[in-house]
Amino acid sequence: MPIYQIALPLPKRQVFDYLCEQADLVPGVRVVVPFGPREMVGVIVNAVTESEHQTKLKAIKRVLDESPVLDEALLAISHWLAHYYQHPIGEVMQTVMPVALRKGESDKPKPTCVLGLSNSDVDELISQVSRAKKQTELVQMLTAGPVALSEVKQQFSMAVINALLEKGIVEKHEVEVSSDVLSWSVPESLDKPRANVQQALAITAITHRLDRFACFLLEGITGSGKTEVYLQSIEEVLRQQRQVLILVPEIGLTPQTVKRFERRFGLAVGVLHSNLTDNERLNVWQRSRSGELAIVIGTRSSIFTPMLKPGMIIVDEEHDGSYKQQDGLKYNARDLAVILAKHYQVPLVLGTATPSLETLNNALTGKYQHLQLLQRAGNAALAKQQLMDITNQSLESGIATGMLERLQAHLEQGSQVMIFVNRRGFAPALLCHHCGFVEQCKRCNKPYTVHKSLHKIQCHHCGAAKAIPPKCNECGHHEMVTHGVGTEQLEALLKKRFAQYSTVRIDSDSVRGKSKLHTLLDEVNRGQHQILIGTQILSKGHHFPNVTLVVILDADGALFSADFRAAEHLAQLITQLAGRAGRAEKPGEMWLQTHQPGHPLLQDLIHNGYGDFARFALQERKLADLPPFCYQGLFRAEALQASDAFQFLSTVAELLTIENVRIMGPLPAIMEKRQGRYRMQLLLSSPSRAQLNRAIANHIVSIENLPAGRKVRWSIDIDPQDFL
DNA sequence: AGCACGCCGACT
DNA sequence: GTCGGCGTGCTC
């Protein structure tokens, strides 16, 4: 009887062998197997003739698929992920599959519900509806032919639909979707803008040979028309009847973005974002696999969407941190896109105004083709960047007095202003004016953030909140003062100081849902608010044409951070913000408040721009032997007892002492304590990615079985993005 | 990861 | 005398 190796969703770097009478099962097929006292859904990895565990083999309970759910590309990607990230194959396959399929649901499309008219005499039917306006509209919509229920629901409420169903005017049918044909037509005469020279060069470079792997860095300054390059390149791919996968950052996926793609080609676009249900996700997955969808656009995990005829992959805002998954399988979707494009033999376009140093380095060394868009189209403007030295300056809630006057001047001109702070809440600490005691979260050993409007102090690391203490816990004095500045405090100051203008605060406290964010942003652009206060959120995706003054309150933190990428991220933030404000006839200015006006990185950034800064920063990384000039892997461990984490990592360090791999640690993590657990890490770095990988791979099973690992939660992070 | 088995404290 | 705490070990 044939034996199959099955990948099961367990944190174990091994497969489990099972018997099955069926001899024709192939890798990628899901099966249900008995596992100890329970049942699990696993995926066939391989068929073998012998097993080390011959005597204890059990039989597969049920075969779920006739053909593999994981196609050849996804299987290859799963193995690559398991090897590169040294992650258990079962968990990898779990990550790669949509949730519905992990649970064992069928991968065949469910019959869709469609609504149609009960007879063809439209006038007769409309007369039956009588005066109900919405119902008449729906009947009219259906005169063109039956429409899917899910689509009808977007425009009409269930009440309207049910009313017509009860009257027998409309009927519901289940229809098998048969979408085995891949075919769409792109209109010949697309109403498209004319590309400028640089755009045209980029489009030609990308579309020159679409039938092979090539990686492009499309470095386009804000407003240079990156999207138009995407669109015209996509057009060529679509004409070849091939599909396009587009990755966007979490926050960048707005209905407007999707509509732009839909309107241009008049084709169905599959959209994947975090608010979809498992079944909606599965539906897009199926329609992409069958070739029905020409374009799929989505966030990080969309990289796992199968395609019948892949033609191109685009990663927009390639520098964005949301492409790296922070828990479980810590993959980077942008890096994975390179592997996938190579596998498919299709071009990959990485687009951004502020390339990550890793990608820029690949472009500068010729590994990627570097396409640059330096001309700004029509209405775009870049705010003029300037430094404001605040050493010895008087500050009011963190803002320099001179800056307040500048705000006043811009507001009087009828412009909008934007102030950027990197902290939510009122103040990042509460301390006793008498003895200096700082109120700290006991689980994280970090100061509580003060939220005055909620009358609470909250730990921003674990979320725990409590009432603001009326007196010092240490000395009992009643004089508690705040330290530092958050968005809430700035809002209070500016509301008082500029009472005649409307101030709005945009951070994750003030925008609970995504729709709230869009409402507020719309209000800003309609001119309902003049003063805009916010965090990171403001730097992504939205334009503020009437903003003529942008102030960054504190640029210094990032210059002396323990995280070597902090300066890069600050530069990206500043450049992105500068590109979001103002327009050609009304250019903006941007001020960076700093205690370090002479800092070379800041100087370079504001005088020579991001491109120059990035090249300079790359030199620094090279001298310091940091990524992308070395490769890193990070072992993290956390335990209730700091010594347990330390001991585990020490043992790991001993095992991994290998030539050409530098080991640092075990050291406490930057966030040394979080949610009551002590966190330590062990950083490995090597000039050779292969040697680093081999060092870990050779010992991972012994590490996995280390008795010292029982008390700790540990994980490996290959190419770590941050060191929190 | 789950889940069972197993050996020591406060309770109907 | 039992219920239940979570340490240890195993799952093909």
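Keep in mind it's a predicted model, so treat the numbers as computed, not measured.
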Where do N or O atoms of nucleotides 4-6 of chain B meet protein N or O atoms at under 3.5 Å, pair by pair?
none

Expected rows: protein N/O vs nucleotides 9-12 of chain C N/O, under 3.5 Å:
from    : atom 1 : to        : atom 2 : distance (Å)
dG9(C)  : N7     : Arg710(A) : NH2    : 3.0
dT11(C) : O3'    : Gly36(A)  : N      : 3.0
dC12(C) : OP1    : Tyr18(A)  : OH     : 3.1
dC12(C) : OP1    : Pro34(A)  : O      : 3.3
dC12(C) : OP2    : Lys58(A)  : NZ     : 2.4
dC12(C) : O3'    : Asp17(A)  : O      : 2.4
dC12(C) : O3'    : Lys58(A)  : N      : 2.9
dC12(C) : O2     : Asp17(A)  : N      : 2.9
dC12(C) : N3     : His53(A)  : NE2    : 3.1

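Panel note: side chain Gln286(A), backbone Asp107(A); a donor-acceptor pair is recorded below 3.5 Å. The main-chain N or O of Arg30(A) is found under 3.5 Å from a side-chain atom of Asp65(A) such that the two form a donor-acceptor pair.
A salt bridge links Asp719(A) with Arg689(A): the distance from a Lys NZ or Arg NE/NH1/NH2 to an Asp or Glu carboxylate oxygen falls below 4.0 Å. Taking a cutoff of 4.0 Å between a charged side-chain nitrogen and a carboxylate oxygen, Arg674(A) and Glu638(A) do not qualify as a salt bridge. Taking a cutoff of 4.0 Å between a charged side-chain nitrogen and a carboxylate oxygen, Lys330(A) and Asp717(A) do not qualify as a salt bridge. Using a cutoff of 4.0 Å between basic side-chain nitrogens and carboxylate oxygens, Lys466(A) and Glu439(A) are scored as salt-bridged. Contact check on Arg621(A) versus Glu568(A) returns a salt bridge, with a Lys/Arg side-chain nitrogen under 4.0 Å from an Asp/Glu carboxylate oxygen. For Arg679(A) and Glu672(A), the salt-bridge test fails: no basic side-chain N is under 4.0 Å from an acidic carboxylate O. Under a 4.0 Å N-O distance rule, the pair Asp722(A)/Lys324(A) does not qualify as a salt bridge.
The environment of Lys108(A) atom NZ is dense: over 12 non-hydrogen atoms of other residues, nucleotides or ligands sit within 6.0 angstrom.
Within residues 39-49 of chain A, no residue approaches DNA chain C, by heavy-atom distance under 4.0 Å.
Computed from coordinates, the Leu329(A) CG to dA1(B) P distance equals 15 Å when rounded to whole Å. For Glu91(A) and dA1(B), the CD to P distance is 7 Å, given to the nearest whole Å.
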